[in-house]
Amino acid sequence: MRRHQQGLTLMSFIIVLAVVGFAAFVGMKLFPMYQEYFAVKTAMKELAADPSAATRTPAQIKDQFFRKLYINYSDNVKPADVTFERASSGGILMTVDYEVRRSLIGNLDVVGKFNSSETLSNRGGE
């Protein structure tokens, strides 16, 4: 009875290692972009939970929002990326729309476009 060997050859192991390495490299480039996006979402939800947020001026809201982002070392969101509108529910609709560009390899870039909206009301996020 003959036994057949099973397993990876050296060449297939190197190919698998290269694919996994490239995926890890791309993940390391993308993770900070999404980490910043989740920091933006968290800061906006904290503002929406504050019952007095809708009574403040847009400049005061922006100041408080950027103070929260400063704690998380977010540097891609600029004041021009934050807009305010009157919401149909009587509150203020705060929208953050920004873009992040990171170099991937050579002249290839990864671009992330992020958009988040939250309604600020006197009820504090109810």
Side-chain angles (χ1 to χ4, degrees):
M1 182 174 357
R2 265 186 121 171
R3 294 183 145 216
H4 293 290
Q5 291 185 356
Q6 295 179 349
L8 291 174
T9 63
L10 179 62
M11 196 62 179
S12 61
F13 177 71
I14 291 173
I15 291 171
V16 168
L17 191 63
V19 169
V20 169
F22 182 73
F25 177 74
V26 170
M28 289 185 335
K29 292 288 186 171
L30 295 178
F31 180 73
M33 292 170 33
Y34 283 96
Q35 184 179 19
E36 182 177 40
Y37 175 67
F38 290 122
V40 167
K41 294 283 288 180
T42 302
M44 291 178 72
K45 287 183 187 219
E46 288 175 6
L47 283 174
D50 184 5
S52 64
T55 61
R56 296 189 181 116
T57 66
Q60 291 171 329
I61 296 171
K62 269 188 187 181
D63 183 53
Q64 186 177 6
F65 175 69
F66 281 103
R67 284 183 189 188
K68 292 178 184 297
L69 287 185
Y70 180 74
I71 293 170
N72 292 315
Y73 303 106
S74 298
D75 57 353
N76 290 305
V77 181
K78 307 295 180 214
D81 299 331
V82 181
T83 58
F84 298 95
E85 296 176 16
R86 282 280 165 210
S88 59
S89 61
I92 299 172
L93 179 65
M94 179 180 177
T95 304
V96 179
D97 187 16
Y98 68 101
E99 183 177 292
V100 180
R101 182 178 298 265
R102 301 257 185 218
S103 174
L104 185 62
I105 298 172
N107 61 351
L108 295 176
D109 288 348
V110 175
V111 178
K113 293 184 179 186
F114 299 99
N115 186 329
S116 181
S117 297
E118 198 71 48
T119 303
L120 310 177
S121 66
N122 292 334
R123 294 183 297 263
E126 290 179 6

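Note that the structure is predicted; figures quoted are calculated from it, not measured.
For Phe25, the ring pair (Phe, Tyr, Trp, His ring centres under 6.0 Å) criterion is met by no residue, not counting sequence neighbours.
Atoms CD and OG1, from Gln60 and Thr55 in turn, are 8.0 Å apart once rounded to the nearest 0.5 Å.
Linking ILVMFWY side-chain heavy atoms closer than 4.5 Å, directly or via other members, places Phe66 and Phe114 in a single hydrophobic cluster. Note: the hydrophobic cluster containing Leu104 also contains Tyr34 (ILVMFWY, side chain heavy atoms under 4.5 Å, direct or indirect links). Under a hydrophobic clustering in which Ile, Leu, Val, Met, Phe, Trp and Tyr are joined whenever their side-chain heavy atoms come within less than 4.5 Å, directly or via other members, Val100 and Val40 fall into the same cluster. There is no path of hydrophobic side-chain contacts, each under 4.5 Å, that joins Phe22 to Ile14. One hydrophobic cluster holds both Phe38 and Val110 under the rule that ILVMFWY side chains link at heavy-atom gaps under 4.5 Å.
Here the shortest heavy-atom pairing between Arg102 and Pro32 reads NH2-CB, 4.2 Å. Across all their heavy atoms, Asn76 and Asp81 have their closest contact at O-OD2, 3.8 Å. For the pair Phe65 and Val96, the tightest heavy-atom approach, listed with the atom from each and the gap, is CZ-CG2, 3.8 Å. Among all heavy-atom pairs drawn from Ile61 and Ala53, the shortest one is CD1-O, 3.4 Å.
The residues Arg56 and Asp50 are annotated as salt-bridged, a charged nitrogen and a carboxylate oxygen being separated by less than 4.0 angstrom. Between Lys45 and Glu118 there is no salt bridge, since no side-chain nitrogen of the basic residue lies less than 4.0 Å from a carboxylate oxygen of the acidic one.
With hydrogens and angles disregarded, a donor-acceptor distance shorter than 3.5 Å links the side chain of Lys29 to the backbone of Ser103. At least one donor-acceptor pair closer than 3.5 Å links the side chain of Lys62 to the backbone N or O of Pro79.
Outside the 6.0 Å centre-distance limit, the rings of Tyr37 and Tyr98 are not counted as a close aromatic pair.
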| query | Which is it for Thr9 and Ser12 under the side chain to side chain donor-acceptor pair (under 3.5 Å) test, yes or no, and what are the steps along the way? | reply | CA-CA 5 Å; Thr9 63; Ser12 61; 3.1 Å; yes
| query | How far apart are the C-alpha atoms of Asn72 and Glu36, what are their side-chain angles, what is the distance that settles it, and do they pass the side chain to side chain donor-acceptor pair (under 3.5 Å) test? | reply | CA-CA 8 Å; Asn72 292 315; Glu36 182 177 40; over 6 Å; no
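Contact check for Gln35 versus Met33: no side-chain heavy atoms found under the 4.5 Å cut-off.
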